[in-house]
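Just below is one structure, and these are the notes that go with it.
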Amino acid sequence: MKRALPILAVLVVLLAAIAVANPFFLEPAGFLAFLKRAAPLVILAAGQYFVIVSGEFDLSVGSLVTAEVVIAARLIDGDESATWPVLVLLIVVGLLVGLVNGVVTTKLRVPSFIVTLGMLLILSGAVFLWTGGAPRGALSEGFRMFGRGGLGPLPWSVLILLAVGAAAIWLMRADFGKTLIATGDNERAAALSGVRVDRVKIFAFMLSGLAAAVAAILLGGFAGVSAQAGQGLEFSAITAVVLGGVALGGGRGSVLAAMAGAFTLEALFTLLNLYGISGALEFTVQGVIIIAAVAAGAIRLPSKFTPRRGDAHAAS
C-alpha cells in the first residue's frame with residue numbers, strides 16, 4: 001500500500017481538478033461514468049503488470065482487444081443465444097494468445113518484445129484480412145450489457161473491475177506473487193531457489209491475455225464494434241504501469257499502484273479533454289512518461305545487476 005501512496009496522491013489532485021472544471025463529476029452518476037470509462041484500461045494495466053514485474057513486455061494486448069471485439073461481432077451477429085458461448089470463446093482466445101506469447105518467450109528464448117510485437121502484427125493483419133477494414137456483424141444486447149448495463153446503480157464494468165482488482169491483489173499476496181517478484185528481480189537466483197521460472201512467466205502472459213479479453217468485452221459493450229477498438233491500448237497500459245512506479249526491468253512494483261496509474265492516466269486525459277486540449281497530446285504525455293520511467297530505471301538498475309561477492313566467486 002505504501003508504494004501506491006505517491007500515485008494515489010497524484011490521482012486525488014487530478015480528480016479534484018476535474019471536479020473544479022466539471023462539478024457534475026462530484027455526483028455519483030458522473031463519478032461512475034468515469035469509472036466505467038477507465039475500467040478497460042485499469043484491467044489491462046493489471047494484466048500488463050504481471051508481465052512487466054516478471055521482467056518482460058506484452059505489446060500484443062491492444063491488437064488482441066481489437067481482434068476479440070471483431071470476432072464477437074462476427075460470430076454473434078445480433079443473435080442473443082450466441083452471447084455466452086462467444087464470451088467463453090473470447091476468454092479462451094485471450095488465454096491461448098497469452099500461452100503462445102509465454103511459451104515462445106520462455107522455451108524458444110525469443111525476447112518478449114519481439115514475440116509480442118510479432119503477435120501484434122499477426123492479430124492486426126488477421127483482423128484486416130477478415131474484415132477488409134470494415135467490421136461485420138453486430139453485438140447482441142446481452143453482450144453490450146457488460147459495458148452499458150449494471151446491477152442496480154452500479155455498472156457491470158465497475159463490479160467486474162472490483163473483482164479483477166481483488167483477484168490481482170490476492171494473487172500478488174499469494175505464493176505466486178512472491179515467485180513472480182523474485183523472477184523479475186533476479187531470474188537466475190529464483191531458478192536456483194527452486195522457482196519454475198518458465199511456468200511463472202507463461203502464467204503471467206496468460207493473465208495478461210485474460211485481462212485483454214475481459215477489457216475487450218467491456219470496451220465492446222461500451223463503445224461498440226470498431227476495427228480500431230484496441231488501437232494504442234498496449235502503450236496506454238504500459239504507461240499506466242510505469243506511472244504507478246513499477247520498474248520496467250522487473251522485480252519491483254505494486255499491482256495496486258499499477259491500477260492507480262491507469263486511473264491517473266484516464267483522469268489526466270479527462271482533464272485535458274475538459275480544457276479543450278487536443279487528444280493528440282495524449283500520445284505525447286505517454287511518451288514522456290515512458291521515457292522518464294526508463295531514465296529513472298537506468299539510474300537504479302545497475303545496482304540490481306551488480307554481481308554479489310558470492311555470484312562473482314561462483315562465476316570464477
Would you say [Y] ends up clustered with [X] if hydrophobic residues are merged whenever their side chains have heavy atoms under 4.5 Å apart, either directly or through other cluster members?
| X | Y | value |
| --- | --- | --- |
| L192 | V200 | no |
| V69 | L129 | no |
| L41 | V51 | no |
| L271 | V288 | no |

### Query
Run the side-chain contact (heavy atoms from CB on, under 4.5 Å) check on I160 and I43 step by step: do they pass?
CA-CA 9 Å; I160 292 171; I43 291 171; 4.3 Å; yes
Interatomic spacing from [atom1] in [X] to [atom2] in [Y] - rounded to 0.5 Å:
| X | Y | atom1 | atom2 | answer |
| --- | --- | --- | --- | --- |
| R199 | T179 | CZ | OG1 | 11.0 Å |
| S236 | I238 | OG | CD1 | 9.5 Å |
| E56 | L248 | CD | CG | 12.0 Å |
| F143 | L75 | CZ | CG | 10.5 Å |
| L268 | E266 | CG | CD | 9.5 Å |
| L233 | F235 | CG | CZ | 10.5 Å |

Please tabulate, for side-chain N and O atoms in residues 7-26, each donor-acceptor pair with protein atoms closer than 3.5 Å (sequence neighbours left out).
from	atom 1	to	atom 2	distance (Å)
N22	OD1	F24	N	3.4

### Query
For V195, does its backbone N or O pair with a side-chain atom of S193 as donor and acceptor, under 3.5 Å?
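Answer holds: no.
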### Message
Using the rule side chain to side chain contact (heavy atoms under 4.5 Å, CB included), only one of L44, V241, L161, T264 pairs with M259; which is it?
### Response
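By the side chain to side chain contact (heavy atoms under 4.5 Å, CB included) criterion, M259 pairs with just one of L44, V241, L161, T264: L161.
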Contact summary for [X] and [Y], nearest pair of heavy atoms:
| X | Y | answer |
| --- | --- | --- |
| V255 | M172 | CG1-CG, 3.9 Å |
| F205 | G102 | CD1-CA, 3.5 Å |
| K36 | R148 | NZ-O, 3.6 Å |
| V61 | Q48 | CG2-NE2, 3.9 Å |
| A204 | S54 | CB-OG, 4.5 Å |
| G230 | V65 | CA-CG1, 3.9 Å |

#### Entry: Chi angles and distances behind the side-chain contact (heavy atoms from CB on, under 4.5 Å) call for I202, V103
CA-CA 6 Å; I202 289 171; V103 168; 4.0 Å; yes
Under 3.5 Å, which donor-acceptor pairs do the side chains of residues 210-229 form with other protein atoms, sequence neighbours left out?
from	atom 1	to	atom 2	distance (Å)
S226	OG	Q228	N	3.0

Donor-acceptor pairs are to be reported for all side-chain atoms of residues 116-123 against protein atoms at under 3.5 Å, with residues two or more places apart or in another chain.
from	atom 1	to	atom 2	distance (Å)
T116	OG1	L59	N	3.0
T116	OG1	S112	O	2.7

### Task
Mind checking side-chain contact (heavy atoms from CB on, under 4.5 Å) for I289 and listing every partner two or more places apart, or none if nothing turns up?
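With sequence neighbours excluded, I289 shows a side-chain contact (heavy atoms from CB on, under 4.5 Å) to T239, V242, L243, L265, V285, given in chain and number order.
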### Query
Under a 4.5 Å cut-off applied to non-hydrogen side-chain atoms, are L32 and L154 in contact?
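Side chain of L32 against side chain of L154, heavy atoms only: contact under 4.5 Å found.
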### Task
Test side-chain contact (heavy atoms from CB on, under 4.5 Å) on Q286 and F269 and set out the steps.
CA-CA 10 Å; Q286 292 180 56; F269 293 160; 3.6 Å; yes
### Pairs satisfying side-chain hydrogen bond (donor to acceptor under 3.5 Å, both in side chains), at least one member in residues 57-74, at least two apart
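Passing the test, one end in residues 57-74: D58-S60, D58-S208, S60-N101.
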Pairs of donor and acceptor atoms involving the side chains of residues 80-93, under 3.5 Å and at least two apart or interchain, shall be tabulated with distances.
from	atom 1	to	atom 2	distance (Å)
E80	OE1	G142	N	3.2
E80	OE2	E141	N	2.9
E80	OE2	G142	N	3.3
S81	OG	D79	OD1	2.8
S81	OG	D79	OD2	3.0
T83	OG1	E80	O	3.0
T83	OG1	S140	OG	2.5

### Query
Relative to each other, are the rings of F146 and W156 parallel, tilted or perpendicular (30° and 60° limits)?
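It falls in the tilted class, 30° to 60°.
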